[in-house]
Chemist: 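Provided herewith is a single structure, encoded as structure tokens, for subsequent inquiry.
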Number of protein chains: 2
Amino acid sequence: MNIGEIARRAGVSRSTVSYALSGKRPVSATTAQRINDVIAELGYRPNASARALAEGRTRTLSLVIPPASRRLTDVQLSFVAGVVEAAATHDLDVLLSPSGGDHDRSFERVVTGRRVDGVILMEILLDDPRVARLEQESLPFVTIGHVERPGTAPWVDVDYAELITRCVHHLADLGHRDVVLINRSDELVAAGYGPALRSSSGFLTAAEQRGLTAHTVCCADEPAAGLACFEEIRRRWPEVTAAVTINEAALPGLQRALRHAGLDVPRDFSITGVIASRLAEGFHPPLTAADVPAGDMAQLAVDFLVEQIANPGAAPRNALLQPAIALRSSTGARRH
Amino acid sequence: MNIGEIARRAGVSRSTVSYALSGKRPVSATTAQRINDVIAELGYRPNASARALAEGRTRTLSLVIPPASRRLTDVQLSFVAGVVEAAATHDLDVLLSPSGGDHDRSFERVVTGRRVDGVILMEILLDDPRVARLEQESLPFVTIGHVERPGTAPWVDVDYAELITRCVHHLADLGHRDVVLINRSDELVAAGYGPALRSSSGFLTAAEQRGLTAHTVCCADEPAAGLACFEEIRRRWPEVTAAVTINEAALPGLQRALRHAGLDVPRDFSITGVIASRLAEGFHPPLTAADVPAGDMAQLAVDFLVEQIANPGAAPRNALLQPAIALRSSTGARRH
DNA sequence: CGCACCACTCGAACCGGTTCGATGATGGTT
DNA sequence: AACCATCATCGAACCGGTTCGAGTGGTGCG
């Protein structure tokens, strides 16, 4: 069922059908009625490829995700869900493209074949090669997370440095003197993953400012690593009474390690950090933590991108979110 | 950079460039070289929409997921990841389309606009309206899960009835006499969600066969519900000594409830079921369970679909997987 | 009555590829 | 030298939409 067939049956030209559907030029009420009848009868819907070719836009966004093999964290998942949802409000479809590892074929295909109108990058590195690639291709894009020197593209991020700083002050206020940061994995830090680096520097700066003794450890994104990591902390720095973390995947292991060590939270040990609210509430006891507002961020990212696509000349917008720390039950005064 | 520009600079016709790229007709070595040079210099890649229009296929699959608002379970996520991965091996892109609730605009857009070559449906109901819709549109599709009366489409599924039956036998062999099935949510059962219904009937049949007293409960897909659900079980049927479950999302709550009740697994209580291996291993102690081989299923689903697209006349293939129960440490003999 | 204007419709060109039939050059046979 | 097969290439048509400029007929107004 193509537009020519509709036109023939309605006894009009193809262009008239097109105008009747788009409303870009007036069409008499009677012909419009006739066309609509035929369309309703035959169940016509314009061919997306043909329309994309003619209009020069695909009404599709690409969401670039980390390679599927590495399991996505809770926050990442919320981004994906949020982006799909937000795109739907603009009547846009979402193409899922893994990147990194040997999956860059998908990324290249999407970028270079004009397959999408814009790209959403997540898991951004401080100096990310994909950003350069997209700029070179002059394809609109937005990043969730921001590069070291943001340039032409809009971005949305959580202010990790600030939030971690607040966590440290919170712990200092409760009397803690020896604290540790449980960061994301070694590899991510080495690769220049922004949140990990910004958290680390924010943590150390704030601790120094409050005169605390501070340690940082990297921890792979899985429960087993969280367990091992906490045992190492107990061994190396037994005086530590509170931890700050941005590593969601390690939480179950951390919880097991605490129980194993016979430590009660928050009586014997305090925990806080930046964590998806879903996980923070699932912890036992519920975590006092800054929730990453993934849904809001996704919506903002899509909005910024749509804006940039509509008006490529405009100055790129950005947002650095500072969600409040939700006081739950995982932090308490240091015991003497 | 379009094919005409390449042709002009290489001093050949557009068709020659096309043949040089596709290899569908011979091109002399010298002109091929010239064309390749020009392409390398200008970085040309064919426009995906134009190609799709001309070829009549989009090299894209649609993956229909439950509405993004409902959080995806671990198994569902593994499907998504697996499908993306499997599609990449065929050089296909994946369009993510939420369906259900008020998100059916996306589904309709994709189905009816010839936006994709095929569709992968997950979270299939026993009598699913989307299946009828796709059959009517004669768009190739595959289902993960199978409808009551599979017809024209290939499918892949786990044999829930059989696996649950094996779980019951396993528990009966260990001496348990009173068992309970912790199913998925009320709503899913009411909607006619296959795995929930097949698990339930398999469970009851097997229990009767072995002379066990069997109860079943529905439980929403979240930790809090798991906790409440287990407390209800203890209250209503304190004699129950073992549970079978297919509800992954409830596991953390279940675990908390067990600890809260002072029950040791497997000494005081046994747990088994059908669970993603990732979660089964993350449980404490690791769960004896049938792992849903989500990656394999996704790969099979994509392969079947690709086959069906290439050869629409062929009989649809299908696979009913029966992964072995992995013996871990969550089941033990009933104590007297 | 004639003219300008408006509302509506049509045909043709275009988007950027693929594919088919035709054509010209080349070389080998008889 | 005439002929035919083969190979490489070209031009044109097509996929199914959108968009632009150019009619066409009817109306209001001077």
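The basis for the numbers below is simple: all heavy atoms, side chains too, and nothing from hydrogens, waters or symmetry mates. Within every chain, numbering begins at 1; the chains are lettered A, B, ... in the order of the sequence lines, protein sequences first and strands thereafter.
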Chemist: Donor-acceptor check, side chain of B:Asp157 to backbone of B:His146, threshold 3.5 angstrom: yes or no?
Modeler: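 Yes, B:Asp157 side chain to B:His146 backbone: donor-acceptor pair under 3.5 Å.
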Chemist: When rounded to the nearest 0.5 angstrom, what distance separates OG in A:Ser97 from CG in A:Leu95?
Modeler: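 Here the interatomic distance stands at 5.0 Å.
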Chemist: Output yes when A:Arg8 and A:Glu5 qualify as a salt bridge under the 4.0 Å nitrogen-oxygen rule, no when they do not.
Modeler: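 Yes, A:Arg8 and A:Glu5 are salt-bridged.
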Chemist: So, B:Thr60 and B:Asp93: side-chain donor and acceptor under 3.5 Å apart, yes or no?
Modeler: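 The answer is no; no qualifying pair exists.
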Chemist: Kindly give the atom pairs (protein nitrogen or oxygen, nucleotide nitrogen or oxygen) under 3.5 Å for nucleotides 13-17 of chain D.
Modeler:
residue: D:dG17; atom: OP1; partner: A:Tyr44; partner atom: OH; Å: 3.4
residue: D:dG17; atom: OP1; partner: A:Asn47; partner atom: N; Å: 3.3
residue: D:dG17; atom: OP2; partner: A:Ile3; partner atom: N; Å: 2.5
residue: D:dG17; atom: O5'; partner: A:Tyr44; partner atom: OH; Å: 2.9
residue: D:dG17; atom: O5'; partner: A:Asn47; partner atom: N; Å: 3.4
residue: D:dG17; atom: N7; partner: A:Arg14; partner atom: NH1; Å: 2.7
residue: D:dG17; atom: O6; partner: A:Arg14; partner atom: NH2; Å: 2.7

Chemist: Using five pairs at either end of the helix from C:dC1-D:dG30 to C:dT30-D:dA1, determine the angle between the two local helix axes and round it to 10 degrees.
Modeler: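 For the helix from C:dC1-D:dG30 to C:dT30-D:dA1, the axes at opposite ends meet at about 60°.
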Chemist: Does some side-chain heavy atom of B:Arg133 sit less than 4.5 Å from a side-chain heavy atom of B:Glu108?
Modeler: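 Yes, close enough: below the 4.5 Å cut-off.
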Chemist: Taking 4.0 Å as the cut-off, does a side-chain nitrogen or oxygen of B:Lys24 come that near to OP1 or OP2 on C:dT19?
Modeler: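 Indeed, a polar side-chain atom of B:Lys24 lies that close.
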Chemist: Roughly how many Å is it from CD1 in B:Ile6 to C1' in C:dT18, rounded to a whole number?
Modeler: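 Interatomic distance, CD1 of B:Ile6 to C1' of C:dT18: 16 Å.
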Chemist: Not counting sequence neighbours, which residues clear side-chain contact (heavy atoms from CB on, under 4.5 Å) with A:Leu300? List them please.
Modeler: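 A:Leu300 satisfies side-chain contact (heavy atoms from CB on, under 4.5 Å) with A:Val156, A:Phe304, A:Ala319, A:Leu321 once adjacent residues are dropped.
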Chemist: For B:Arg59, is there an ion pair with B:Asp91 - N to carboxylate O distance below 4.0 angstrom?
Modeler: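 Answer for the salt bridge query: no.
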Chemist: Looking only at the side chains, is there a donor atom on one of A:Ser18 and A:Ser15 sitting less than 3.5 Å from an acceptor on the other?
Modeler: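 No, A:Ser15 and A:Ser18 have no side-chain donor paired with an acceptor closer than 3.5 Å.
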Chemist: Is the base of D:dC20 touched by the side chain of A:Tyr19 through a donor-acceptor pair closer than 3.5 angstrom?
Modeler: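 Result: at least one qualifying N/O pair found.
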Chemist: Please enumerate all protein N or O atoms sitting under 3.5 Å from an N or O of nucleotides 4-8 of chain D, with distances to 0.1 Å.
Modeler:
none

Chemist: State, with a plain yes or no, whether a side-chain heavy atom of A:Thr143 is found less than 4.5 Å away from one of A:Phe141.
Modeler: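 Yes, their side chains come closer than 4.5 Å.
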Chemist: So, is A:Thr16 close to the C:dC10 phosphate, meaning a side-chain N or O under 4.0 Å from OP1 or OP2?
Modeler: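 Yes.
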Chemist: Rounded to whole Å, please give me the gap between CZ in A:Arg59 and C1' in D:dT18.
Modeler: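 So the two atoms are 11 Å apart, to the nearest Å.
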Chemist: So what does B:Gly113 touch, heavy atoms closer than 4.0 Å: a base, only the sugar-phosphate, or nothing?
Modeler: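 Nothing: the residue B:Gly113, judged by heavy atoms under 4.0 Å, touches no strand.
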Chemist: Show me the side-chain donor-acceptor pairs of residues 119-128 of chain A shorter than 3.5 Å, one per line, residues at least two apart or across chains.
Modeler:
residue: A:Glu123; atom: OE1; partner: A:Gln76; partner atom: NE2; Å: 2.9
residue: A:Glu123; atom: OE2; partner: A:Gln76; partner atom: NE2; Å: 3.1
residue: A:Glu123; atom: OE2; partner: A:Tyr193; partner atom: OH; Å: 3.1
residue: A:Asp128; atom: OD1; partner: A:Arg130; partner atom: N; Å: 3.0
residue: A:Asp128; atom: OD1; partner: A:Arg130; partner atom: NE; Å: 2.9
residue: A:Asp128; atom: OD2; partner: A:Leu125; partner atom: N; Å: 2.9
residue: A:Asp128; atom: OD2; partner: A:Arg130; partner atom: NH2; Å: 3.0

Chemist: Suppose the criterion is salt bridge (Lys or Arg N to Asp or Glu O under 4.0 Å): which pairs have a residue in residues 302-311 of chain B, not counting sequence neighbours?
Modeler: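 Qualifying pairs, neighbours excluded: B:Glu307-B:Arg317.
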Chemist: Does B:Ser15 contact D:dG11 through a side-chain donor or acceptor facing the base, at a distance under 3.5 Å?
Modeler: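 Looking at the base of D:dG11, it does pair with a donor or acceptor on the side chain of B:Ser15 (distance under 3.5 Å).
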